[in-house]
Amino acid sequence: MSELLWQKPGVEVDPRIQAFLAGDDVLLDREFIQDDITASAAHARGLARIGILGGDEAEAMCRELAALSEDLRSGAFVLDERYEDCHSAIESRLVERLGDVGRKIHTGRSRNDQILVATRLWLKRKLGEVEALCREVAGVCLQRAQAETLPMPGYTHLQRAVVSSTAMWWAGFAEAFIDNAVRARQAGEWIDANPLGTAAGYGVNLPLDREFSTQALGFARLQVSPIYAQLSRGKYELAAVDALGAAALDLRRLAWDLSLFTTAEFGFVSLPAQYTTGSSIMPNKRNPDLVELMRATYASIAAARTELEQLLSLPSGYHRDLQFTKGALVHAFGRGLGALALLPNLLRGLQWKPERLAQAFDEGMYATDKAVELAVAGLPFREAYKLAAAEPLPSHGADPQASLDARVSPGGAAALGLDVLAGRLSELKLSVQNA
């Protein structure tokens, strides 16, 4: 391992203790090192603005940081157990290439604000990916809602309830993922605050140009209080994981529907072959493993959220406990984005089975239509309810399409409001383009 940034003369480092302290930080920091490089370049330029670095020194630092970034992308440099974390790796590289000039990079900052700003930049990008995927899922759902309207059973309590349609099913998930995109956007806006320059949580005796670094790094605002910068660690991560979790919850319910709909007992849907796998022993099986793992994804996100929440049982200021927030984040977004990324093409490729949908209707599913008809004719609804329970067929008989055509309440099968949903989705896309 390279020399520790904090090592003092005469103090022997126990390798077992150091291994425990480092944990899997180096592996996790592979996620954050590019953002730490970006923030380090902004910090170098900021030091030049207040005379700590000469202009040539700052340019040399930025040049070497850019070279390190490229070496990471090409594989010429690997963050490994030689380093305590990504911060020490960056400083070690600068010292190796620039000598004493490289040793100046840490002036006015701490690893505390380094990881804060790197994590914040990473989260902004990941939430942008969540939003983009949710918009894509919503777009697929809207397209299919507009293109196909097949009668299908609607269920409550997993029992046949009323007549529904494939268009209503698609519209429901379209609106859900529009909301999820909005949630990701809002979380991204909330955490869009620059902590660079807060150092160890109490500021430094330097006139750092924090507004400059805020603009240079593309943050919307400055996180003013150094103490709050530390208080927000974990809190902002929770907000990001909550936004991811909202999408994963809807993914779980959608996956549950497909898990049921693909069974032989339902048989409503067929999935593209590449989205299923075979059994190791049963030649007849094609299993919806992908859908089942999508269904399981929220568990990983919920576990990460719980870990984050439990880590925040701390007084103010920095505590090493917060190191563990990185693993929770990487795990949650790795699983969550991986599942969401596969969803749009799965939805594009699934096929309904109209004949099986049609076979799933029974007379009882029209009873609500009959009760409403009788109420419209003047009968008190409770009396109409009792009559419909005994004789469920309305005037249109057992005709699922007629039942759908009569569903004129806003959002119902005859008034889906797809134009409203399309408008909301377009506004989201337009706001991204104008950002």
Side-chain angles (χ1 to χ4, degrees), residues 4-8 11 13-14 17-26 28-29 31-33 35-36 39-40 42-43 46-47 50 52 83-91 105-124 187 190-211 213-214 217 219-242 304-330 332:
L4 299 169
L5 297 178
W6 46 266
Q7 194 164 345
K8 307 294 191 299
V11 178
V13 175
D14 185 321
I17 293 175
Q18 184 53 36
F20 179 75
L21 287 170
D24 53 2
D25 229 27
V26 168
L28 292 170
D29 278 1
E31 285 281 333
F32 304 106
I33 188 169
D35 295 300
D36 197 8
S40 293
H43 183 64
L47 291 177
I50 61 171
I52 299 297
Y83 306 100
E84 186 179 10
D85 49 34
C86 64
H87 319 305
S88 59
I90 292 170
E91 185 165 338
I105 187 61
H106 208 60
T107 307
R109 72 175 181 177
S110 163
R111 286 189 296 179
N112 295 355
D113 64 335
Q114 273 189 268
I115 192 56
L116 271 171
V117 70
T119 305
R120 201 70 53 82
L121 291 169
W122 186 88
L123 281 174
K124 284 177 59 179
W190 191 53
I191 71 171
D192 196 6
N194 176 28
L196 183 61
T198 59
Y202 299 96
V204 292
N205 49 329
L206 286 172
L208 297 173
D209 190 344
R210 297 191 63 213
E211 288 294 348
S213 66
T214 298
L217 293 171
F219 283 106
R221 67 187 186 282
L222 178 69
Q223 194 162 31
V224 177
S225 168
I227 289 178
Y228 181 57
Q230 292 302 321
L231 289 172
S232 67
R233 187 171 180 188
K235 176 181 174 181
Y236 279 19
E237 285 84 341
L238 272 174
V241 169
D242 278 344
R305 192 198 188 287
T306 299
E307 185 173 7
L308 287 168
E309 192 172 41
Q310 294 305 313
L311 287 169
L312 296 185
S313 178
L314 296 167
S316 64
Y318 173 76
H319 306 271
R320 191 66 179 262
D321 314 48
L322 295 169
Q323 176 176 308
F324 284 176
T325 61
K326 290 191 284 189
L329 278 184
V330 171

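In terms of heavy atoms, Gly317 sits closest to Tyr202 at CA-OH, 4.1 Å. Listed here is the closest heavy atom pair of Ala328 and Leu308: CB-CG, 4.0 Å. Scanning all heavy atoms of the two residues, the minimum distance from Phe324 to Glu307 falls at O-OE2, 4.0 Å. Nearest approach of Ala199 to Gly108, heavy atoms of both residues: CB-O, 4.2 Å.
A salt bridge links Arg111 with Glu84: the distance from a Lys NZ or Arg NE/NH1/NH2 to an Asp or Glu carboxylate oxygen falls below 4.0 Å. Between Lys326 and Asp29 there is a salt bridge, since a side-chain N of the basic residue sits under 4.0 Å from a carboxylate O of the acidic one. The pair Asp192-Arg221 fails the salt-bridge criterion, with no side-chain N (NZ, NE, NH1 or NH2) lying under 4.0 Å from an Asp/Glu carboxylate O.
Here the CD atom belonging to Gln114 is positioned 5.5 Å from the OG atom belonging to Ser40, to the nearest 0.5 angstrom. In this structure, CG in Asp321 is found 9.0 Å from OG in Ser313, a value given to the nearest 0.5 Å. Note that CH2 of Trp190 and CG of Leu123 are 11.5 Å apart. Values are rounded to the nearest 0.5 Å. With rounding to the nearest 0.5 Å, the separation of CG in Asn194 from CG in Leu222 is 6.0 Å. Atom CZ of Arg109 and atom CG of Leu116 lie 12.5 Å apart (nearest 0.5 Å). For the atom pair Ile191 CD1 and Phe219 CZ, the distance stands at 8.5 Å (nearest 0.5 Å).
Counting only heavy atoms from C-beta outward, the side chains of Leu322 and Leu314 approach each other to under 4.5 Å. Put simply, the side chain of Val117 does not reach to within 4.5 Å of the side chain of Asp35, judged on heavy atoms. Side chains of Leu231 and Lys235 form no contact here, defined as non-hydrogen atoms less than 4.5 Å apart. Residues Leu121 and Phe32 have side chains not in contact (no heavy-atom distance under 4.5 Å, counting atoms from C-beta outward). Put simply, the side chain of Leu208 reaches to within 4.5 Å of the side chain of Leu47, judged on heavy atoms. Two residues are said to be in side-chain contact when any heavy atoms from C-beta on lie closer than 4.5 Å; Leu206 and Thr107 meet this criterion.
Between the side chains of Thr119 and Arg233, no donor N or O sits under 3.5 Å from an acceptor N or O.
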Item to check | Worked check of side-chain hydrogen bond (donor to acceptor under 3.5 Å, both in side chains) between Ser232 and Gln223 | outcome: CA-CA 10 Å; Ser232 67; Gln223 194 162 31; 3.0 Å; yes
Checklist entry - Checking side-chain contact (heavy atoms from CB on, under 4.5 Å) for the pair Cys86/Glu31: CA distance, chi angles, key distance, verdict? => result CA-CA 9 Å; Cys86 64; Glu31 285 281 333; over 6 Å; no
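Under the rule for a side chain to side chain contact (heavy atoms under 4.5 Å, CB included), the partners of Asn112 that lie at least two apart in sequence or sit in another chain are Ser110, Ala200, Gln230, Tyr318. Looking at residues two or more places apart in sequence or on another chain, you find no salt bridge (charged side-chain N to carboxylate O under 4.0 Å, His left out) involving Glu211.
Remark: the backbone N or O of Leu238 is not paired with any side-chain donor or acceptor of Arg305 at under 3.5 angstrom. Side-chain atoms of His87 never come within 3.5 Å of backbone atoms of Ile90 as a donor-acceptor pair (strictly under, hydrogens ignored). Judged purely by atom type and a 3.5 angstrom limit, Thr198 uses its side chain to pair as donor or acceptor with the backbone of Pro195. Side-chain N or O atoms of Glu237 include one that pairs as donor or acceptor with a backbone N or O of Gly234 at under 3.5 Å.
Under the 30°/60° scheme for interplanar angles, the aromatic rings of Tyr236 and Tyr228 are found to stand perpendicular.
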